[in-house]
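All chains are named by letter (A, B, ...) in the order of the sequence lines, taking the proteins before the strands, and each is independently numbered beginning at 1.
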2 protein chains.
Amino acid sequence: MSETAETAAFAYRPLYAQVRENLVRRLIDGAWQPGQLIPSEIDLAKELGVSQGTIRKALDAMTAENLLIRRQGRGTFVSEPEESRILFQFYRLVPDSGARSFPNSRILKRLRETANEVERRELKIAAGGDVIRLERVRTIDEKPMIVETISLSLKRFAGFEDLETVPNNVYRLYSERWGITIGRAGERLKAIAASKADARELGCPQGTPLLEINRVAYDLEGHPVELRLSRCLTDVVHYSSDLR
Amino acid sequence: MSETAETAAFAYRPLYAQVRENLVRRLIDGAWQPGQLIPSEIDLAKELGVSQGTIRKALDAMTAENLLIRRQGRGTFVSEPEESRILFQFYRLVPDSGARSFPNSRILKRLRETANEVERRELKIAAGGDVIRLERVRTIDEKPMIVETISLSLKRFAGFEDLETVPNNVYRLYSERWGITIGRAGERLKAIAASKADARELGCPQGTPLLEINRVAYDLEGHPVELRLSRCLTDVVHYSSDLR
DNA sequence: CAGTGGTCTAGACCACGCC
DNA sequence: GCGTGGTCTAGACCACTGG
């Protein structure tokens, strides 16, 4: 561990940051699987030759990033994408009533296409590269609420075409089938008018104001993985955002 | 400090949490003013009779909440509401180009009214209580982009009626004039159609899709302070949200 | 150079979960 | 009772700032 600090005199990096990088690498490489109990602080400290306090600082940082979950008396676990906390981490549309419910999905289309300009730019796909384009409608209490298009690089998600079904929780699918964990996402929101096609799927008049959510999701290494364009009816739900 | 821990056997609270509470109180009471250099870790440790590490943990927590700014070699300072970091903390509308610019404001109305039902509920105002209602248009590069209504409890903001002018940055005004610091805010977003009045102010056709932002802002004690309803044209700007 | 916050260590004790 | 993470302490050294 410490050799790195000594040889890297050009750019000083704290020990705990190096430890964190080492441990995140284990998640990326799949050495530590979602749900798994990882070694105790003391064992990790012995293994890496640093103090327990330094290990703790790295683990605390990863916990703050939702990569790990610590349970006093039990141990430290790798976060699972199906946990409700993670489930809602990337899903900010909530009913006005406040009760958080998760939508169901119905797939409209699943196509393999050549990546368009936006997809090439956002997903860093080379010219001529292919994408999987997934169109689906999401319903809350049977009522269509969201129509969305999901784009994935076929290079990154080899074999997506051959899947029999696409589950509701695709982030869990990414994790289980391709070992890709979504670490963070950025969303850009606008208000738009419903197109003819959107209106048909959502059962609303053409031109109805919709909330457009343009999401790019990134893996643990910070590479863009998924592009998602959602159009949402917001008559009985809203997008919730906390500023602090 | 420690007496609290001993007498409060019913509900254990870590020392650093008690220290944090003690220090936040100094901000609320105005003993520590925005921009001020606060005592060093060592001095605080001596004063409160705890170790430097415990002080550090409290200060780090407050730094994470944007209440303090720590500068290695210089000291720890109280955050100022006019700093650009804080300025953009509560302002998530950015030009599609990415260059972050701050809008100007033009006041349309400033009224004293009896609080309506929504204001009473969100701002915890008793029946019959009064509010200041502020209507303004915000422009980016001279172009009207946002029309918004700000509601404040008159009880909390005594003398607001008598102000000669209302500045663009009202959070700084709250801080300087009434010693109220906004600590966090919650926003609920919807897509709506422009009303006749909104359309006139924004120079767009009636029915144009607008992004509606419903914000409740809270002070350091967690009490609601400001209610704000914004309607935004999102043709050249978008609302930016980071999920992690 | 002195003083500040930032890192790292070592060790003690506490609260919690499980057997 | 034992092992886990959580808290608290004390002290050393490093990196940065300003006079």
Side-chain angles (χ1 to χ4, degrees), chain A residues 1-23 32 35-79 85, chain B residues 1-23 32 35-79 85:
Chain A
M1 232 33 240
S2 49
E3 310 85 359
T4 316
E6 288 159 19
T7 57
F10 53 92
Y12 169 74
R13 293 203 62 224
L15 236 194
Y16 72 85
Q18 299 172 45
V19 171
R20 179 191 164 281
E21 206 163 277
N22 180 313
L23 303 184
W32 287 351
Q36 183 183 331
L37 172 67
I38 71 171
S40 73
E41 297 179 348
I42 292 177
D43 288 349
L44 286 171
K46 273 187 230 163
E47 180 197 335
L48 296 178
V50 301
S51 81
Q52 187 180 352
T54 299
I55 294 289
R56 171 162 309 217
K57 200 158 180 179
L59 293 180
D60 283 345
M62 292 170 71
T63 301
E65 296 172 85
N66 289 319
L67 300 179
L68 301 176
I69 298 178
R70 316 194 72 182
R71 293 195 224 274
Q72 185 172 145
R74 295 185 57 195
T76 303
F77 300 80
V78 181
S79 289
R85 225 191 69 259
Chain B
M1 232 31 240
S2 49
E3 308 86 356
T4 316
E6 288 159 18
T7 58
F10 52 93
Y12 169 75
R13 292 202 61 222
L15 236 195
Y16 72 84
Q18 299 173 44
V19 171
R20 179 191 164 282
E21 204 163 279
N22 180 313
L23 303 184
W32 286 351
Q36 184 183 331
L37 173 67
I38 71 170
S40 72
E41 297 180 347
I42 293 177
D43 289 348
L44 287 171
K46 273 188 231 162
E47 181 197 334
L48 296 178
V50 301
S51 81
Q52 188 180 353
T54 299
I55 294 290
R56 176 169 307 239
K57 201 157 180 180
L59 293 180
D60 283 346
M62 292 171 70
T63 301
E65 295 172 85
N66 289 319
L67 300 179
L68 301 176
I69 298 178
R70 316 195 71 182
R71 293 196 223 272
Q72 185 173 149
R74 295 185 56 193
T76 303
F77 300 80
V78 181
S79 290
R85 225 190 71 258

Round to a whole Å and report the spacing from OH of A/Y12 to C1' of C/dG5. 12 Å
Which one, C/dG6, C/dC8, D/dG18, comes nearest to the side chain of B/R74? D/dG18
With a cut-off of less than 4.0 Å, is there a side-chain N or O of A/K57 near OP1 or OP2 of C/dT7? yes
Is it the case that D/dG6 (base atoms only) and A/R56 (side chain only) share a donor and an acceptor within less than 3.5 Å, ignoring hydrogens and angles? yes
side-chain N/O A/T76 vs D/dG5 OP1/OP2, d < 4.0 Å: yes
Ignoring hydrogens and angles, tell me if any N or O in the side chain of A/Q18 forms a donor-acceptor pair with the backbone of A/R13 under 3.5 Å. yes
side-chain N/O A/S40 vs D/dT4 OP1/OP2, d < 4.0 Å: yes
Report yes if a side-chain nitrogen or oxygen of B/R71 is closer than 4.0 Å to either non-bridging phosphate oxygen (OP1 or OP2) of C/dT4; otherwise report no. no
Could you check which of C/dA10, C/dT7, D/dC16 has an atom nearest any side-chain atom of A/S51? C/dA10
Under a 4.5 Å cut-off applied to non-hydrogen side-chain atoms, are A/V50 and A/Y16 in contact? no
Output yes when at least one side-chain N/O atom of A/R70 is less than 4.0 Å from OP1 or OP2 of D/dG6, else no. yes
Please confirm whether the shortest side-chain N or O distance from A/T54 to OP1 or OP2 of C/dT7 is below 4.0 Å. no
Could you grab the distance from atom OG1 of B/T63 to atom CZ of B/R56, nearest 0.5 Å is fine? 10.5 Å
Give the intermediate values and the outcome of side chain to side chain contact (heavy atoms under 4.5 Å, CB included) for residues B/L59 and B/I38. CA-CA 11 Å; B/L59 293 180; B/I38 71 170; 4.0 Å; yes
